[in-house]
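In what follows, a structure is listed as structure tokens, so that the remarks can point back to it.
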Amino acid sequence: MREEFIFEKLNVYQKSLELSIEICKLCSVFPIKYSRIRDQLIGAIVSIPLNIAEGNGRKTNKDKINFYKIARSSSFECVPLLDICLALGLINDADKRRIRNIISEISRMLSGLMNYQNNK
């Protein structure tokens, strides 16, 4: 049986990981001329679960919160990138709205996680 890391049990981690995989698949069909936008979006979205995992492994609450802040900032970075993708016709409006809603939920969950760490 596989041993789980603590962060793997966090809903925010699971949700951000699922979205990262979805975005990577979505971006795989972007034309090569938009590779900079693709790379930026993938980098931002993948940064979210990576920073959640790294923050969870830190010893102090201050360090944990710092990595959760970075993850939340990466979620904010995705919003204008989605707007750009929509304007360029790389994604449709329904996908943009759905993904944006998931990012918003992840951002709220990260804020809750930071508040929890702050009050420990």
Side-chain angles (χ1 to χ4, degrees):
M1 184 162 181
R2 180 178 86 109
E3 183 179 335
E4 282 190 332
F5 290 93
I6 294 171
F7 65 83
E8 291 178 296
K9 297 176 183 178
L10 296 172
N11 289 335
V12 68
Y13 171 80
Q14 293 169 6
K15 187 172 282 298
S16 64
L17 185 65
E18 289 172 13
L19 184 60
S20 294
I21 293 165
E22 179 184 344
I23 295 293
C24 287
K25 289 178 182 177
L26 182 69
C27 290
S28 70
V29 298
F30 285 10
I32 193 73
K33 67 181 180 178
Y34 297 118
S35 62
R36 175 80 167 109
I37 294 165
R38 177 198 65 219
D39 294 348
Q40 195 76 23
L41 181 55
I42 289 172
I45 200 71
V46 169
S47 174
I48 300 169
L50 293 177
N51 279 291
I52 293 168
E54 188 167 356
N56 193 259
R58 295 298 171 135
K59 297 268 187 227
T60 69
N61 287 342
K62 184 178 178 181
D63 279 345
K64 289 176 193 251
I65 291 168
N66 186 49
F67 280 93
Y68 299 153
K69 283 180 182 177
I70 294 168
R72 191 178 62 178
S73 294
S74 292
S75 72
F76 295 161
E77 185 180 353
C78 293
V79 174
L81 285 164
L82 290 172
D83 290 335
I84 292 166
C85 289
L86 178 65
L88 294 172
L90 300 171
I91 61 174
N92 62 44
D93 190 56
D95 281 341
K96 180 206 162 206
R97 281 186 275 119
R98 184 180 55 74
I99 293 166
R100 185 184 166 107
N101 286 340
I102 296 168
I103 290 170
S104 179
E105 183 180 359
I106 289 168
S107 178
R108 285 191 305 273
M109 293 170 85
L110 285 165
S111 292
L113 193 54
M114 286 185 285
N115 287 336
Y116 171 77
Q117 289 299 323
N118 228 3
N119 294 322
K120 270 179 98 175

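The structure displayed is predicted, hence computed values, not measured ones. Below, all heavy atoms of this structure are taken into account, side chains as well, without hydrogens, waters or symmetry copies.
- Put simply, the side chain of Asn51 gets close to the backbone of Ser47: a donor and an acceptor are under 3.5 Å apart.
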- [ ] Show your working on side chain to side chain contact (heavy atoms under 4.5 Å, CB included) between Ile103 and Leu82 and close with a plain yes or no.
- [x] CA-CA 11 Å; Ile103 290 170; Leu82 290 172; 3.8 Å; yes

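- To the nearest 0.5 Å, atom CE of residue Met114 and atom CG of residue Asn119 are 12.5 Å apart.
- Proximity of Asp93 to Arg97: side-chain heavy atoms (C-beta onward) are separated by under 4.5 Å at one or more points.
- Neither side chain, Arg100 nor Ser104, offers a donor N or O lying under 3.5 Å from an acceptor on the other.
- Using a 4.5 Å cut-off between side-chain heavy atoms of Ile, Leu, Val, Met, Phe, Trp and Tyr, with links allowed through other members, Leu81 and Leu88 fall into the same hydrophobic cluster.
- For the atom pair CD1 (Ile99) and CG (Leu41), the distance works out to 8.0 Å, reported to the nearest 0.5 Å.
- Within a 6.0 Å radius of NZ in Lys96, more than 12 heavy atoms belonging to other residues, nucleotides or ligands are found.
- Tyr34 is not listed as a side-chain neighbour of Cys85, based on a closest heavy-atom distance of 4.5 Å or more.
- For the atom pair CE (Met109) and NZ (Lys15), the distance works out to 6.5 Å, reported to the nearest 0.5 Å.
- Taking CG of Leu110 as the start and CZ of Phe76 as the end, the distance is 9.0 Å to the nearest 0.5 Å.
- With contacts defined as side-chain heavy-atom distances shorter than 4.5 Å, the pair Asn61/Lys64 qualifies.
- Counting all heavy atoms, side chain and backbone alike, Cys27 lies closest to Ile42 at CB-CD1, 3.8 Å.
- Counting only distance, with no hydrogens or angles, the side chain of Ser74 and the backbone of Ile70 share a donor-acceptor pair below 3.5 Å.
- Looking at every heavy atom in both residues, Phe30 comes nearest to Arg38 through CD2-CB, 3.8 Å.
- With a 4.5 Å cut-off on side-chain heavy atoms, Tyr68 and Asn56 count as touching.
- A salt bridge links Arg98 with Asp95: at least one charged nitrogen is closer than 4.0 Å to a carboxylate oxygen.
- Across Gln40 and Arg36, no two heavy atoms sit closer than the pair OE1-NH1, 2.7 Å.
- The shortest heavy-atom contact between Tyr13 and Phe7 is CB-O, 3.3 Å.
- Atom OG of residue Ser16 and atom CZ of residue Arg72 lie 14.5 Å apart, to the nearest 0.5 angstrom.
- Linking Ile, Leu, Val, Met, Phe, Trp and Tyr residues whenever their side-chain heavy atoms come within less than 4.5 Å places Leu26 and Val46 in a single cluster.
- Across every non-hydrogen atom of Leu86 and Asn92, the tightest pair is CD1-C, 3.6 Å.
- Note: Ile102 CD1 to Glu22 CD = 5.5 Å, rounded to the nearest 0.5 Å.
- Under the 4.5 Å side-chain heavy-atom criterion for Ile, Leu, Val, Met, Phe, Trp and Tyr, Phe67 and Leu113 are members of distinct hydrophobic clusters.
- Between Leu17 and Ile52, the closest side-chain pair of non-hydrogen atoms is not below 4.5 Å.
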